[in-house]
Number of protein chains: 2
Amino acid sequence: MLHTPGIMRAKKAPTADLTVLERLRTAGLRPTRQRLALAKLLFAQGHRHVTAEGLFNEAKEHRVDVSLATVYNALHDFTEKALLREISIDSSRSYFDTNVGDHYHFYFEQSGRLQDIPAERIALANLPEPPDGVVARVDVIIRVKD
Amino acid sequence: MLHTPGIMRAKKAPTADLTVLERLRTAGLRPTRQRLALAKLLFAQGHRHVTAEGLFNEAKEHRVDVSLATVYNALHDFTEKALLREISIDSSRSYFDTNVGDHYHFYFEQSGRLQDIPAERIALANLPEPPDGVVARVDVIIRVKD
DNA sequence: ACCTTAATTTATAATGATTCTAAACTGCTT
DNA sequence: AAGCAGTTTAGAATCATTATAAATTAAGGT
(Lines give C-alpha, C1' and ligand atoms only; values in the text may rest on other atoms or scores of the structure.)
Protein backbone atom coordinates (compact mmCIF):
# COMPACT_ATOMS: atom_id res chain seq x y z
CA MET A 1 0.00 0.00 0.00
CA LEU A 2 1.64 3.14 -1.21
CA HIS A 3 1.29 6.38 0.58
CA THR A 4 2.59 9.86 0.20
CA PRO A 5 3.84 11.17 3.54
CA GLY A 6 4.53 14.63 2.23
CA ILE A 7 1.04 15.08 0.95
CA MET A 8 -0.46 13.42 4.03
CA ARG A 9 1.34 15.88 6.23
CA ALA A 10 0.33 18.79 4.07
CA LYS A 11 -3.27 17.64 3.90
CA LYS A 12 -5.64 20.26 5.12
CA ALA A 13 -7.53 19.84 8.37
CA PRO A 14 -11.36 19.57 8.33
CA THR A 15 -13.51 22.56 7.62
CA ALA A 16 -14.00 23.56 11.25
CA ASP A 17 -10.25 23.96 11.67
CA LEU A 18 -9.96 26.02 8.55
CA THR A 19 -12.68 28.30 9.73
CA VAL A 20 -10.94 28.74 13.06
CA LEU A 21 -7.68 29.46 11.32
CA GLU A 22 -9.35 32.05 9.16
CA ARG A 23 -11.02 33.62 12.15
CA LEU A 24 -7.71 34.04 13.88
CA ARG A 25 -6.03 35.46 10.81
CA THR A 26 -8.91 37.79 10.12
CA ALA A 27 -8.69 39.01 13.69
CA GLY A 28 -5.01 39.69 13.18
CA LEU A 29 -3.87 36.93 15.52
CA ARG A 30 -1.12 34.59 14.49
CA PRO A 31 -2.66 31.13 14.30
CA THR A 32 -0.28 29.27 16.56
CA ARG A 33 -0.78 25.65 17.53
CA GLN A 34 -2.01 26.70 20.96
CA ARG A 35 -4.40 29.39 19.80
CA LEU A 36 -5.80 27.10 17.14
CA ALA A 37 -6.41 24.33 19.64
CA LEU A 38 -8.05 26.65 22.16
CA ALA A 39 -10.14 28.38 19.51
CA LYS A 40 -11.32 25.00 18.29
CA LEU A 41 -12.43 24.06 21.78
CA LEU A 42 -14.14 27.40 22.22
CA PHE A 43 -15.87 27.79 18.90
CA ALA A 44 -16.51 24.21 17.83
CA GLN A 45 -20.01 23.98 19.18
CA GLY A 46 -22.61 26.60 20.05
CA HIS A 47 -22.02 29.51 22.39
CA ARG A 48 -20.20 28.89 25.63
CA HIS A 49 -19.20 30.54 28.88
CA VAL A 50 -15.80 29.55 30.14
CA THR A 51 -13.37 30.48 32.87
CA ALA A 52 -9.62 30.39 32.35
CA GLU A 53 -9.29 27.48 34.73
CA GLY A 54 -12.17 25.68 33.02
CA LEU A 55 -10.72 26.01 29.56
CA PHE A 56 -7.33 24.96 30.85
CA ASN A 57 -8.80 21.74 32.26
CA GLU A 58 -10.75 21.10 29.11
CA ALA A 59 -7.56 21.44 27.12
CA LYS A 60 -5.85 18.91 29.34
CA GLU A 61 -8.71 16.45 28.85
CA HIS A 62 -8.30 16.81 25.12
CA ARG A 63 -4.56 16.24 25.37
CA VAL A 64 -3.95 19.78 24.24
CA ASP A 65 -0.68 20.78 25.82
CA VAL A 66 -0.88 24.45 26.77
CA SER A 67 0.23 26.32 29.83
CA LEU A 68 -2.22 28.17 32.04
CA ALA A 69 -0.45 31.41 31.14
CA THR A 70 -1.20 30.77 27.49
CA VAL A 71 -4.85 30.16 28.24
CA TYR A 72 -4.99 33.55 29.94
CA ASN A 73 -3.09 35.16 27.09
CA ALA A 74 -5.36 33.61 24.48
CA LEU A 75 -8.55 34.56 26.31
CA HIS A 76 -7.39 38.14 26.58
CA ASP A 77 -6.15 38.29 22.99
CA PHE A 78 -9.44 36.85 21.75
CA THR A 79 -11.38 39.33 23.85
CA GLU A 80 -9.33 42.23 22.56
CA LYS A 81 -10.07 41.15 19.02
CA ALA A 82 -13.79 40.73 19.79
CA LEU A 83 -13.79 36.98 19.35
CA LEU A 84 -14.86 36.75 22.98
CA ARG A 85 -16.53 38.97 25.50
CA GLU A 86 -15.54 39.12 29.15
CA ILE A 87 -18.22 39.11 31.81
CA SER A 88 -17.81 40.03 35.48
CA ILE A 89 -20.34 38.22 37.59
CA ASP A 90 -18.56 37.95 40.88
CA SER A 91 -15.27 39.25 42.06
CA SER A 92 -13.67 35.85 42.36
CA ARG A 93 -13.33 35.02 38.67
CA SER A 94 -13.94 36.12 35.11
CA TYR A 95 -16.13 34.44 32.54
CA PHE A 96 -15.58 34.60 28.80
CA ASP A 97 -18.53 34.35 26.45
CA THR A 98 -18.22 33.12 22.88
CA ASN A 99 -21.38 35.03 22.08
CA VAL A 100 -20.18 38.54 21.28
CA GLY A 101 -23.52 39.77 19.97
CA ASP A 102 -25.96 41.93 21.89
CA HIS A 103 -27.48 39.84 24.67
CA TYR A 104 -27.90 39.51 28.42
CA HIS A 105 -27.50 36.85 31.09
CA PHE A 106 -29.06 34.71 33.72
CA TYR A 107 -26.61 33.90 36.48
CA PHE A 108 -27.42 30.91 38.66
CA GLU A 109 -25.87 31.66 41.99
CA GLN A 110 -25.78 28.11 43.28
CA SER A 111 -24.07 26.51 40.36
CA GLY A 112 -22.19 29.53 39.10
CA ARG A 113 -23.60 28.83 35.65
CA LEU A 114 -24.40 31.49 33.06
CA GLN A 115 -27.12 31.40 30.43
CA ASP A 116 -27.62 33.77 27.52
CA ILE A 117 -30.74 35.84 27.12
CA PRO A 118 -31.24 37.09 23.56
CA ALA A 119 -31.35 40.88 23.36
CA GLU A 120 -34.87 40.85 21.98
CA ARG A 121 -36.15 39.05 25.07
CA ILE A 122 -35.66 42.16 27.18
CA ALA A 123 -36.98 45.60 26.38
CA LEU A 124 -34.54 48.20 27.65
CA ALA A 125 -36.12 51.60 27.15
CA ASN A 126 -35.14 55.13 28.10
CA LEU A 127 -31.53 54.34 28.68
CA PRO A 128 -30.13 57.51 30.22
CA GLU A 129 -27.14 59.15 28.57
CA PRO A 130 -23.99 59.18 30.64
CA PRO A 131 -23.06 62.62 32.04
CA ASP A 132 -19.98 62.38 29.85
CA GLY A 133 -18.19 59.80 27.74
CA VAL A 134 -19.74 57.22 25.49
CA VAL A 135 -21.58 54.01 26.35
CA ALA A 136 -19.29 51.07 25.74
CA ARG A 137 -21.91 48.48 26.57
CA VAL A 138 -24.89 47.70 28.74
CA ASP A 139 -24.77 44.64 30.92
CA VAL A 140 -27.93 43.08 32.29
CA ILE A 141 -27.56 40.20 34.68
CA ILE A 142 -30.55 38.47 36.19
CA ARG A 143 -29.28 36.78 39.31
CA VAL A 144 -31.20 33.64 40.14
CA LYS A 145 -31.27 31.83 43.44
CA ASP A 146 -31.52 28.27 42.18
CA MET B 1 -14.75 76.28 85.18
CA LEU B 2 -16.39 73.23 86.63
CA HIS B 3 -17.10 70.18 84.65
CA THR B 4 -18.59 66.79 85.29
CA PRO B 5 -16.47 64.07 83.76
CA GLY B 6 -18.90 61.31 84.53
CA ILE B 7 -21.76 63.01 82.85
CA MET B 8 -19.55 64.20 80.02
CA ARG B 9 -18.46 60.65 79.36
CA ALA B 10 -21.97 59.34 79.56
CA LYS B 11 -23.30 62.11 77.39
CA LYS B 12 -24.98 60.78 74.30
CA ALA B 13 -23.36 61.28 70.91
CA PRO B 14 -25.08 63.46 68.32
CA THR B 15 -28.18 62.25 66.54
CA ALA B 16 -26.34 60.75 63.61
CA ASP B 17 -24.46 58.41 65.90
CA LEU B 18 -27.61 57.36 67.66
CA THR B 19 -29.22 56.58 64.37
CA VAL B 20 -26.26 54.49 63.31
CA LEU B 21 -26.33 52.65 66.61
CA GLU B 22 -30.01 51.95 66.17
CA ARG B 23 -29.49 50.78 62.65
CA LEU B 24 -26.90 48.28 63.75
CA ARG B 25 -29.04 47.02 66.61
CA THR B 26 -32.09 46.76 64.43
CA ALA B 27 -30.07 44.77 61.93
CA GLY B 28 -29.03 42.44 64.73
CA LEU B 29 -25.41 43.52 64.70
CA ARG B 30 -23.62 44.27 67.92
CA PRO B 31 -22.69 47.95 67.84
CA THR B 32 -19.00 47.67 68.50
CA ARG B 33 -16.67 50.63 68.40
CA GLN B 34 -15.36 49.54 65.00
CA ARG B 35 -18.70 48.88 63.40
CA LEU B 36 -20.07 52.15 64.71
CA ALA B 37 -17.14 54.09 63.35
CA LEU B 38 -17.32 52.42 59.94
CA ALA B 39 -21.09 52.75 59.75
CA LYS B 40 -20.76 56.43 60.56
CA LEU B 41 -18.33 56.90 57.71
CA LEU B 42 -20.55 54.94 55.37
CA PHE B 43 -23.94 56.36 56.23
CA ALA B 44 -23.15 59.90 57.37
CA GLN B 45 -23.75 61.56 54.04
CA GLY B 46 -25.66 60.54 50.94
CA HIS B 47 -25.23 57.28 49.12
CA ARG B 48 -21.73 56.03 48.46
CA HIS B 49 -19.80 53.34 46.64
CA VAL B 50 -16.77 52.06 48.48
CA THR B 51 -14.18 49.36 48.20
CA ALA B 52 -12.73 47.62 51.23
CA GLU B 53 -9.37 49.24 50.64
CA GLY B 54 -11.01 52.62 50.15
CA LEU B 55 -12.97 52.47 53.37
CA PHE B 56 -9.91 51.25 55.20
CA ASN B 57 -7.93 54.28 54.03
CA GLU B 58 -10.77 56.61 54.86
CA ALA B 59 -10.85 55.16 58.36
CA LYS B 60 -7.16 55.82 58.75
CA GLU B 61 -7.57 59.42 57.64
CA HIS B 62 -10.25 59.88 60.29
CA ARG B 63 -8.00 58.34 62.94
CA VAL B 64 -10.36 55.40 63.22
CA ASP B 65 -8.19 52.51 64.27
CA VAL B 66 -9.51 49.37 62.58
CA SER B 67 -7.77 46.49 60.89
CA LEU B 68 -8.31 45.68 57.25
CA ALA B 69 -9.81 42.35 58.27
CA THR B 70 -12.41 44.17 60.30
CA VAL B 71 -13.30 46.36 57.36
CA TYR B 72 -13.91 43.23 55.30
CA ASN B 73 -15.88 41.67 58.13
CA ALA B 74 -18.02 44.76 58.59
CA LEU B 75 -18.71 45.17 54.88
CA HIS B 76 -19.83 41.57 54.63
CA ASP B 77 -21.86 41.71 57.84
CA PHE B 78 -23.56 44.90 56.66
CA THR B 79 -24.25 43.36 53.27
CA GLU B 80 -25.72 40.24 54.86
CA LYS B 81 -28.02 42.41 56.91
CA ALA B 82 -29.02 44.47 53.86
CA LEU B 83 -27.40 47.67 55.09
CA LEU B 84 -25.20 47.50 52.02
CA ARG B 85 -25.34 45.91 48.60
CA GLU B 86 -22.35 44.37 46.92
CA ILE B 87 -21.69 45.10 43.26
CA SER B 88 -19.34 43.24 40.94
CA ILE B 89 -18.08 45.50 38.22
CA ASP B 90 -14.74 44.00 37.43
CA SER B 91 -13.03 40.90 38.62
CA SER B 92 -10.31 42.73 40.48
CA ARG B 93 -12.35 44.20 43.29
CA SER B 94 -15.77 44.50 44.92
CA TYR B 95 -17.77 47.64 45.45
CA PHE B 96 -20.26 48.17 48.24
CA ASP B 97 -23.20 50.50 47.74
CA THR B 98 -24.97 52.23 50.60
CA ASN B 99 -28.02 52.51 48.38
CA VAL B 100 -29.84 49.23 48.88
CA GLY B 101 -32.98 50.27 47.03
CA ASP B 102 -33.87 49.31 43.49
CA HIS B 103 -31.52 51.10 41.10
CA TYR B 104 -28.87 50.65 38.44
CA HIS B 105 -25.38 51.96 37.68
CA PHE B 106 -23.12 53.84 35.40
CA TYR B 107 -19.58 52.55 35.54
CA PHE B 108 -16.86 54.86 34.31
CA GLU B 109 -14.11 52.60 33.07
CA GLN B 110 -11.32 55.15 33.19
CA SER B 111 -11.80 56.30 36.72
CA GLY B 112 -13.37 53.15 38.11
CA ARG B 113 -16.14 55.32 39.53
CA LEU B 114 -19.75 54.22 39.96
CA GLN B 115 -22.86 56.37 39.75
CA ASP B 116 -26.39 55.42 40.69
CA ILE B 117 -29.22 55.45 38.19
CA PRO B 118 -32.66 55.58 39.84
CA ALA B 119 -34.81 52.58 38.92
CA GLU B 120 -37.43 54.79 37.31
CA ARG B 121 -34.89 56.14 34.83
CA ILE B 122 -34.75 52.82 33.00
CA ALA B 123 -37.73 50.89 31.72
CA LEU B 124 -37.02 47.20 31.97
CA ALA B 125 -39.87 45.35 30.32
CA ASN B 126 -40.59 41.74 29.50
CA LEU B 127 -38.05 40.38 31.92
CA PRO B 128 -37.94 36.67 31.13
CA GLU B 129 -38.59 34.19 33.94
CA PRO B 130 -35.64 32.01 34.85
CA PRO B 131 -35.99 28.37 33.73
CA ASP B 132 -36.00 27.51 37.41
CA GLY B 133 -35.32 29.22 40.70
CA VAL B 134 -36.32 32.72 41.72
CA VAL B 135 -34.90 36.06 40.65
CA ALA B 136 -32.73 37.43 43.42
CA ARG B 137 -32.02 40.68 41.65
CA VAL B 138 -31.47 42.33 38.31
CA ASP B 139 -28.25 44.22 37.75
CA VAL B 140 -27.95 46.78 35.01
CA ILE B 141 -24.56 48.33 34.44
CA ILE B 142 -23.99 50.92 31.77
CA ARG B 143 -20.28 50.86 31.06
CA VAL B 144 -18.96 54.21 29.95
CA LYS B 145 -15.68 54.91 28.20
CA ASP B 146 -14.89 58.26 29.74
C1' DA C 1 14.76 25.28 2.19
C1' DC C 2 17.28 28.58 5.16
C1' DC C 3 17.64 33.08 7.99
C1' DT C 4 16.11 36.55 10.66
C1' DT C 5 13.12 38.69 13.48
C1' DA C 6 9.27 39.67 16.09
C1' DA C 7 5.49 37.42 18.17
C1' DT C 8 4.28 33.77 21.18
C1' DT C 9 4.74 30.29 24.69
C1' DT C 10 6.17 28.72 29.01
C1' DA C 11 7.69 27.68 33.81
C1' DT C 12 8.01 30.13 37.54
C1' DA C 13 7.86 33.97 40.52
C1' DA C 14 5.23 37.86 41.93
C1' DT C 15 1.10 40.37 42.91
C1' DG C 16 -3.07 41.85 44.99
C1' DA C 17 -7.42 41.30 46.79
C1' DT C 18 -9.65 38.58 49.92
C1' DT C 19 -10.14 34.94 53.49
C1' DC C 20 -8.48 32.23 57.31
C1' DT C 21 -6.54 31.39 61.94
C1' DA C 22 -6.35 31.35 66.56
C1' DA C 23 -5.37 34.37 70.22
C1' DA C 24 -6.85 38.66 72.59
C1' DC C 25 -10.65 41.57 73.61
C1' DT C 26 -15.32 43.43 74.63
C1' DG C 27 -20.43 44.04 74.67
C1' DC C 28 -24.12 42.21 77.04
C1' DT C 29 -26.70 39.41 80.31
C1' DT C 30 -26.79 37.41 84.80
C1' DA D 1 -18.46 41.97 88.96
C1' DA D 2 -18.13 37.60 86.06
C1' DG D 3 -18.66 34.76 82.12
C1' DC D 4 -19.39 33.93 77.55
C1' DA D 5 -20.49 34.39 72.82
C1' DG D 6 -19.53 37.54 69.43
C1' DT D 7 -15.72 40.57 67.56
C1' DT D 8 -11.36 42.18 66.46
C1' DT D 9 -6.80 41.58 65.01
C1' DA D 10 -2.05 40.64 63.07
C1' DG D 11 -0.30 37.82 60.29
C1' DA D 12 -0.32 33.77 57.43
C1' DA D 13 -2.60 31.54 53.70
C1' DT D 14 -5.22 31.30 49.43
C1' DC D 15 -6.64 32.01 44.85
C1' DA D 16 -7.05 34.01 40.51
C1' DT D 17 -4.43 36.57 37.68
C1' DT D 18 -0.27 38.99 35.82
C1' DA D 19 4.65 39.65 35.17
C1' DT D 20 9.32 37.94 33.90
C1' DA D 21 12.66 36.42 31.07
C1' DA D 22 14.34 32.66 28.53
C1' DA D 23 13.11 29.30 24.82
C1' DT D 24 10.32 28.45 20.84
C1' DT D 25 8.00 29.36 16.57
C1' DA D 26 5.38 31.60 12.66
C1' DA D 27 6.06 34.57 8.66
C1' DG D 28 8.53 36.84 5.17
C1' DG D 29 12.43 37.50 2.45
C1' DT D 30 16.47 35.52 0.22
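The figures here come from the full heavy-atom set of this structure, side chains too, leaving out hydrogens, waters and symmetry mates.
The nearest whole Å value for the distance from the CD1 atom in Ile89(B) to the P atom in dA17(C) is 16 Å. Separating the CG atom of Asn57(A) from the P atom of dA16(D) is a distance of 11 Å, rounded to the nearest angstrom. Rounded to whole Å, atom P of dA16(D) lies 19 Å from atom CD1 of Ile87(A). Protein atom CD of Glu53(A) is 13 Å distant from nucleotide atom C1' of dT14(D), rounded to whole Å. For the pair Leu29(B) CG and dT26(C) P, the interatomic distance rounds to 19 Å; values are reported in whole Å. Straight-line distance from the CZ atom of Arg33(A) to the C1' atom of dT8(C): 11 Å, rounded to whole Å. Leu24(A) places its CG atom 17 Å from the P atom of dA7(C), with the value rounded to the nearest Å. Going from atom CG of Asn73(A) over to atom C1' of dT25(D) covers 15 Å, rounded to whole Å.
Heavy atoms from other residues, nucleotides or ligands lying under 6.0 Å from CZ of Arg137(A) number more than 12.
For dT9(D), the OP1/OP2 oxygens have a side-chain nitrogen or oxygen of Gln34(B) closer than 4.0 Å. Within the structure, every side-chain polar atom (N or O) of Tyr72(B) is placed at least 4.0 Å from both OP1 and OP2 of dT19(C). In this model, the phosphate group of dA27(D) is approached by a side-chain N or O of Arg25(A) to a distance below 4.0 Å at OP1 or OP2.
With dA11(C), dT18(C), dA10(D) as the candidates, the nucleotide lying closest to the side chain of Ala69(A) is dA11(C). The side chain of Leu68(A) lies closest to dT17(D) when the candidates are dT18(C), dT17(D), dT9(D).
Toward the 5′ end of DNA chain D lies the nearest nucleotide of Val71(B), the other residue of the pair Ser91(B) and Val71(B) mapping further downstream. Of the two residues contacting DNA chain D, namely Gly28(B) and Arg30(A), the nearest-nucleotide position lying further toward the 5' end is that of Gly28(B). Each of Thr32(B) and His76(B) has a nearest nucleotide on DNA chain C; the 5'-most of these lies closest to His76(B).
Residues Phe106(A) and Arg113(A) form no side-chain contact, since every pair of their non-hydrogen atoms from C-beta on lies 4.5 Å or further apart.
To the nearest 0.5 angstrom, Leu84(A) atom CG is 10.5 Å from Leu38(A) atom CG. To the nearest 0.5 Å, atom CG of residue Leu124(B) and atom OH of residue Tyr104(A) are 9.0 Å apart.
Looking at heavy-atom distances under 4.0 Å, Asp77(B) makes no contact with the nucleic acid at all. At the heavy-atom level, Ser92(B) lies under 4.0 Å from the strands shown only through sugar-phosphate atoms. Contact annotation for Asp90(A): no contact, since no heavy-atom pair falls under 4.0 Å across all strands. If you check every strand for non-hydrogen atoms under 4.0 Å, Thr70(A) touches a base. Within 4.0 Å of Ser94(A), counting heavy atoms only, lie sugar-phosphate atoms of the nucleic acid but no base atom. Nucleic acid contact class of Arg93(B) (heavy atoms, under 4.0 Å, all strands): sugar-phosphate only.
Qualifying side chain to side chain donor-acceptor pair (under 3.5 Å) partners for Ser92(A), counting only residues two or more places apart in sequence or in other chains: Asp90(A).
Ring geometry for His103(B) versus His105(B): interplanar angle over 60°, hence perpendicular rather than tilted (30 to 60°).
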